[in-house]
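Heads up, the thing below is written out as structure tokens.
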Protein chains: 2
Amino acid sequence: MQIFCVNKSVRLGMPRLQETDVTVKERVRIGGRSARIQQAVHDAVRKLDAFSTRNQITVPQIAAEAGVTPSTIYRRWGDLSALLADVAVERLRPIADPDDTGSIEGDLRAFIEQYAEEMSSPVGLALMRDVLATTGQGQPGACAGFTCDHLTTINERAKARGEQPFDIDEVIDHVVAPIVYRTLFSDEMPTAAYCRQLVDRIYPKT
Amino acid sequence: MQIFCVNKSVRLGMPRLQETDVTVKERVRIGGRSARIQQAVHDAVRKLDAFSTRNQITVPQIAAEAGVTPSTIYRRWGDLSALLADVAVERLRPIADPDDTGSIEGDLRAFIEQYAEEMSSPVGLALMRDVLATTGQGQPGACAGFTCDHLTTINERAKARGEQPFDIDEVIDHVVAPIVYRTLFSDEMPTAAYCRQLVDRIYPKT
DNA sequence: CCCTTAATGCAAATATTTTGCGTTAACAAA
DNA sequence: TTTGTTAACGCAAAATATTTGCATTAAGGG
């Protein structure tokens, strides 16, 4: 079962009218046209992303594919990297909870293996880079939040089973962080054996 | 003592004629003019970097500051992000060995504290982002190599003292990686206390 | 239904990147 | 030292991309 939509191909459909922050509902239009255009532009980016390599995608191309004017994209997103980061965050947003294997250790091991696989894939790596390339906002923070949410879910499920939860920060520091570091800074993907070894620090082999 | 030139202001001077790979000395001109232009362009980037924010630096600006034609920059580096990454790697290249505190644990603790401080600073963070933004070559790998070199230096010094060296991979996975992960994905800098806590895993407090 | 105004489209203005071609200068060989 | 070869550069025109002003559309509120 796939956790993120990292490998998903182009997904068409109507926009989901999600409000980022309910308390700040002021001057932001989330109605039909605006959402429709955002969806069209996002879809266009994903479509072009599948066919051409990252640094030969241009704003005018995206605009043409989405059926909008380039100036609309520039005004809404500022520049290409901001748009790519925005799309990347959406694609990294979880679409499902981690698999339930019946035990917290099993859940964590399964999640980490899949996480490493998705993040170190060409697509996952490109998405992480897109997210990190932006100077602005908290897009990287949002992505870290997704991981944190998943670990929390696993922990909650464990508590419901009566199992002892793990320390989320410890998993992030000593399992997730090494995987991400090696993915970003080395040219070889972390192996499944390597990931298992990292989790062994949380759940030592008996 | 400063390890990297992360915080260094513009450094003028003649180019150092370094050959990246001795075995491949074929059709690459490393002589006077070429090196002089590279140096001028690098200096221009650093100078502009100090005065304007990252995403308002342009190639024509850099070219004007360096006294070269924009086309030269495009032909040599391809695009702005590749140039920024190139400059960033140079600025992240070590200019000194880690401090010698007299013991391996002291050396490691001092190095990590300084590493965290430099990498999580606004300048260090921007440089890391520049390096990660490029799709091409192994610039991220080079930066990871710098860290690895420093740790190796500390280890060699320890061996000369008769001390037991640490496992470099373990330090990278469980000390360096968490610091980098939090720097990149969260908006708060890792504290000195947090770094100490990480090193405690390598050298437990008695 | 009407009013206000954020968001868009269009097109002109501006800035950038790319490209062809002549020139300069690095390197090798005589 | 001189000469030949050619990578790297400068220049300027062409092609693209980005910004901006203004008219128009449509969301959300009264």
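Bear in mind that the values here come from a model prediction, so they are computed numbers and not experimental data. Chain naming here is simple, since letters A, B, ... match the order of the sequence lines and numbering starts at 1 in each.
At C:dT8, none of the side-chain N or O atoms of A:T72 fall inside 4.0 Å of OP1 or OP2 (strictly under the cut-off).
Side-chain N/O atoms of A:R76 and base N/O atoms of C:dT8 include no donor-acceptor pair closer than 3.5 Å. Between the side chain of B:R33 and the base of C:dT24 there is at least one donor-acceptor pair of N/O atoms closer than 3.5 Å.
Atom C1' of nucleotide C:dA6 and atom CD of A:Q38 are separated by 15 Å, given to the nearest angstrom. As a whole-Å value, the separation of B:W77 CH2 from D:dC9 P is 7 Å. Regarding B:R36, its CZ atom lies at a distance of 15 Å from the C1' atom of D:dG10, rounded to whole Å.
Side chain to side chain, A:R91 and A:H42 fail the donor-acceptor criterion of an N or O pair below 3.5 Å. Side-chain N/O atoms of A:S34 and A:R76 include a donor and acceptor closer than 3.5 Å. For the residue pair B:E65 and B:Q61, no side-chain donor N or O sits within less than 3.5 Å of a side-chain acceptor on the partner. B:Y194 and A:D173 share a side-chain donor-acceptor pair at under 3.5 Å.
The pair A:R109-A:D99 does not meet the salt-bridge criterion, since no charged nitrogen lies less than 4.0 angstrom from a carboxylate oxygen.
Taking five base pairs at each end of the helix from C:dC1-D:dG30 to C:dA30-D:dT1, the local helix axes there meet at an angle of 50°, rounded to 10°.
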One character per nucleotide, please: for nucleotides 13-20 of chain C, 5' to 3', B when the base has a protein heavy atom closer than 4.0 Å, S when only the sugar-phosphate does, - otherwise.
---SSBBB
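Within a 6.0 Å sphere centred on CD of B:Q56, other residues, nucleotides and ligands contribute more than 12 heavy atoms.
Remark: B:E90 CD to B:Q39 CD distance equals 9.0 Å, nearest 0.5 Å.
Of the residues A:I104, A:T101, A:V171, A:D97, the one that meets the side-chain contact (heavy atoms from CB on, under 4.5 Å) test with A:I154 is A:I104.
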